[in-house]
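Chain A is the first sequence line, chain B the second, and so forth, proteins listed ahead of strands; every chain is numbered from 1. When reading the values below, keep in mind they use all heavy atoms of this one structure, side chains included, and skip hydrogens, waters and symmetry mates.
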Amino acid sequence: MNDTMLGRFYRRAAGLGLLGTLGAVYVALIGIVERFEPRNIVTGYLTLGLLTAALVVFVTAYRATEPPHSWGIGPPPRQHVLGAGVLAAVIGAAGVALFLVLNRALPLDAVLVNANDRMSEILGLGLEFPAGALALLGAGLAFGVAAGGLRLLAPRFRGPLIAAVVAVMLVSLMEPFMRVVLLQLGQNAISGFFYQSGGLTVPGAIIVAGAVLAIGLANSLRGEAVRERVAEMPADQRRGIQIALFVVGIVFLLVLPQLIGSFLSEVVGTVGLYILMGLGLNIVVGYAGLLDLGYVAFFAIGAYATAILTSPVSVLGWGLSFWVAIPIVMLIAALSGLIIGAPVLRLRGDYLAIVTLGIGEIVRILLLSDALRPWTGGAQGILQVPPPEFADIDFFQPQNLYYPILAFVVLGAFVAISLANSRVGRAWNAMREDEDVAAATGINITNYKLLAFSLGAVFGCIAGAFLAVKLGSIFPHNLNLLVSITVLSLIILGGMGSIPGVIVGAFVLVGLPELLREFAEYRLLIYGAVLIVMMLWRPEGLIPSAQRKRELREHEDDEDQWAHQTGVPTAMPAVERPGP
Amino acid sequence: MPAGLTDGVEQATMTDAAADEVEPTRGAIMVVRSLTKRFGGLVANRNVDFDIPQRSIVSLIGPNGAGKTTFFNQLTGMLQPTEGEIEFNGVSIVGLGPHQIVELGVGRTFQNIRLFSDMTAMANVMVGRHSRMKSQWYEAILHLPRVREEEEATRQRARELLDLVGLARRYEDESAKNLPYGDQRRLEIARALASDPKLLLLDEPTAGMNPGETGRMTEFIGQLRRDLGISILLIEHDMKVVMGVSDRITVLDYGEKIAEGLPEEIRTNPQVIEAYLGKQAHA
């Protein structure tokens, strides 16, 4: 280590501090800070508005403590790690304070409509002008120490700590959902203990953080031993545990709509549709590697086919039952997959993406067109799509419609898993890695591409069918580019090729925004931010498939090495891997 | 050098006859007649005639850019010839796709190793077995017993092949990209062998290897023919490998065949020395 290197380290920290300022000010100027202010995280202490700005500064400071790539042997000394964190955070906070001064001196809000007094008040930690700006500097110092300290912690402590903080935020944001569940269970006392004015109470936050921290620590300190013990258990005993977990999961899924009531069942139903689409697009993009940006086309075809077949006021006027219509819709779906797949067979990568993007738009415009108006009703769409009929169950109720959606999601996941682990999945995998070599290895590229497109189309069309019965009508404006982008984003967030990833991705990207109405306005912005952050931090997704994990392994080794170099023992000794 | 080229054709015809005397033909597994490949104005292969006898090891040599890999790619369906005929086991394969040619029994490796680098060694070989497997996608969804049996049999066969090429068991579940260089070459051969080829095309199998590894690979190629009874077509730069292992050698230069014959004939052929060995000697 020499002075040049240290200088570079601190210069980078200063730069990141400035970036923190820019980020925080940007978040404030686009109105997020003020708009999110009413939402409490820890009631009386922390609101979502302030948190978003603070997070930006904290994350940049934490990043500043990381040794740069050009760093030589060994980690930077502890005092410099702390120093870089403090420098970045203080510069970040000072920048925000400067912005507050500017905002006071100049009529910024003439141009920047969100730069009003309320925003200044929130950013100034609710204090009067000079005190607020000074308090910001103090907060910056505290953030810097926290960021440096977090970096110096061994990964086995750092992970649980971050998880605890994230858990407090999530549990707090889930307030509308948890409230209803607790209400249904008749647990008003518990609800009142944990939640107040839309956020966690202080004791509630402490309990949530403590619980997650304890679980996380137990996992990182003893998890390996427990997993080993489970692995050593006799097969039938292990099987017993698996079955028990499975049964608990099934029971939970079955009683869920009764617990969460009508509105949330509706939300979960929507999430279910996106899971179905995610599973389908995952076959096309995740397994076969064909980047399809026009997936909404299949969603649309499914929805309109169902509406035309089942609505008594459609052009056919057949008024078929949903259950009769569904197999026909699946057939139409498979055919549409072939028809759309065939012309794009020869395209690869970027070109495929552009053409499919165009196809998605063509389908939407066709639905609006005069030429198809007798069939699709143009902008007026198709009305009176009846719900499925089964016994006397009223499938207009979201709580009841949940069940057929769940059934198709389970079936879809089963199909996807079965395919992934078969000769077919292997062929797709090979095709994704290198199409020419896959062909030279004996794989019929044409067939496997068409198979992927067709199966993906069937999933998309079933989701579309449920959209039609869920809404009771169907209009072109439900079927825009945003659907394609959302489905692709949730796959990327969850992890390409990973089925649990699709489920988690759908809940995060589709479920959460439904619960957080404040987010609606910033939905696309947040999608963009989430995707960029994922690409930088965890390109393999939240729950990567085994395949992607293999691509990641080197990265984990780096982490171990860093812990090794700081002299802090890790839970697992770094294992020398056989390699070139 | 137009004059030299004409001489080359005559030379080739002559050595053809010579070769037939030395090694009685056992019927050719692959027959190529007047194969021509043009890329716009560039002629990559011109009127190449070429036979691969059953159970033989035939080498294709020539300076860089002589059109060897282009020739290879036409035999495997990755490129279609502009003119000419290619027959494998008496069936024309012109116009067939790569996967159909694999089904007929032609396997290949690549000059710059092209494994499915993020898949495990085992999965790579199992993909190679694809064309010999029968289970369909709907059978996989229904989890028919025969799907599992086939999967198990394939895994078994893949393991045998990994043993055959001498890849250590501990590498089985390792990503292909993490394997040492020499083992990647071996894995690529195992993948090609998984499709039960009757003819194996190896594109510079010893490129980038040290003398020790090269020696072992040469030995291994001979062993493959002995043990599996397959024919092998080799593209190779290393003269020691070519001379050591080949039954017959064909020399390409500027897309044309300038000579063909037994290793010792090629070694002494003045044209080859000028076109190929001579250049190398200067280099």
Side-chain angles (χ1 to χ4, degrees), chain A residues 283 287-289 334 345 411-452 454-455 458 496-497 540 544-554 557 577-580, chain B residues 73 76-78 97-103 106-110 114-120 123-124 126-143 147-148 150-151 154 168 170-171 173-184 188 191-192 194-195 197 201:
Chain A
I283 291 178
Y287 295 166
L345 271 178
L411 187 67
F414 176 77
V415 167
I417 292 171
S418 306
L419 287 173
N421 297 330
S422 73
R423 167 181 184 247
V424 181
R426 222 166 28 233
W428 278 333
N429 217 332
M431 199 167 84
R432 196 189 68 222
E433 288 214 10
D434 192 331
E435 197 176 308
D436 295 329
V437 178
T441 313
I443 293 163
N444 186 339
I445 297 294
T446 311
N447 283 0
Y448 277 90
K449 279 189 178 178
L450 287 178
L451 180 63
S454 278
L455 285 170
V458 170
M496 285 255 190
E540 74 286 358
S545 64
Q547 180 70 28
R548 308 278 155 161
K549 249 186 206 154
R550 267 201 294 283
E551 295 167 26
L552 166 82
R553 242 186 257 176
E554 275 86 340
D557 285 357
R577 208 159 25 80
Chain B
N73 284 342
T76 53
M78 294 180 82
H99 69 275
Q100 291 168 306
I101 294 176
V102 174
E103 268 164 41
V106 180
R108 77 166 290 176
T109 65
F110 294 85
R114 284 171 81 175
L115 290 164
F116 304 117
S117 52
D118 286 317
M119 295 169 77
T120 62
N124 266 280
M126 289 176 80
V127 169
R129 190 87 191 140
H130 182 90
S131 56
R132 301 289 167 234
M133 297 173 76
K134 294 194 175 57
S135 58
Q136 296 296 313
W137 60 276
Y138 47 87
E139 293 171 321
I141 292 172
L142 296 174
H143 288 259
V147 175
R148 237 185 65 184
E150 188 181 62
E151 198 72 2
T154 304
R170 71 195 150 104
Y171 285 149
D173 292 321
E174 189 64 58
S175 291
K177 67 173 177 200
N178 292 338
L179 263 49
Y181 183 82
D183 283 340
Q184 293 195 5
E188 214 187 11
R191 181 179 70 187
S195 63
L201 311 184

>> Can you tell me which portion of B:His143 sits under 4.5 Å from chain A's heavy atoms? Options are side chain, backbone, both or neither.
In response: side chain
>> Under a 4.5 Å cutoff for heavy-atom pairs, which residue among A:Val415, A:Leu455, A:Leu419 has the most contacts with chain B?
In response: A:Leu419
>> Just verifying a value: how many Å separate A:Arg423 CZ and B:Met126 CE, rounded to the nearest 0.5 Å?
In response: 11.5 Å
> Going from CZ on B:Arg191 to CZ on B:Arg129, what distance comes out if it is rounded to the nearest 0.5 angstrom?
Replying inline: 15.0 Å
> Under a 4.5 Å heavy-atom cut-off, does chain A meet the side chain of B:Val147, its backbone, both or neither?
Replying inline: neither
> With a 4.5 angstrom heavy-atom cut-off, which part of B:Thr76 approaches chain A: side chain, backbone, both or neither?
Replying inline: neither
> Counting distance only, does the side-chain N/O of B:Asn124 pair as donor-acceptor with the main-chain N or O of B:Phe116 below 3.5 Å?
Replying inline: yes
> Which of the residues A:Thr446, A:Ile443, A:Ile445 is involved in the greatest number of heavy-atom pairs with chain B at under 4.5 angstrom?
Replying inline: A:Ile443
> Taking only residues two or more places apart in sequence, or in another chain, which ones meet B:Arg108 in a salt bridge (Lys or Arg N to Asp or Glu O under 4.0 Å)?
Replying inline: B:Asp203
>> Looking at B:Glu174 and B:Leu179, would you say the former's side chain and the latter's main chain have a donor-acceptor pair under 3.5 Å?
In response: no
>> Under 6.0 Å between ring centres: does that hold for A:Tyr448 and B:His99?
In response: no
> Does any heavy atom of chain B fall under 4.5 Å from the side chain of A:Leu451, the backbone, both, or neither of them?
Replying inline: side chain
>> Quick check on the interface: out of B:Gly77, B:Gly107, B:Gly97, B:Ser117, who has the most heavy-atom pairs with chain A under 4.5 Å?
In response: B:Ser117
>> Between B:Met133 and chain A, with a heavy-atom cut-off of 4.5 Å, which part of the residue counts as in contact: side chain, backbone, both or neither?
In response: both
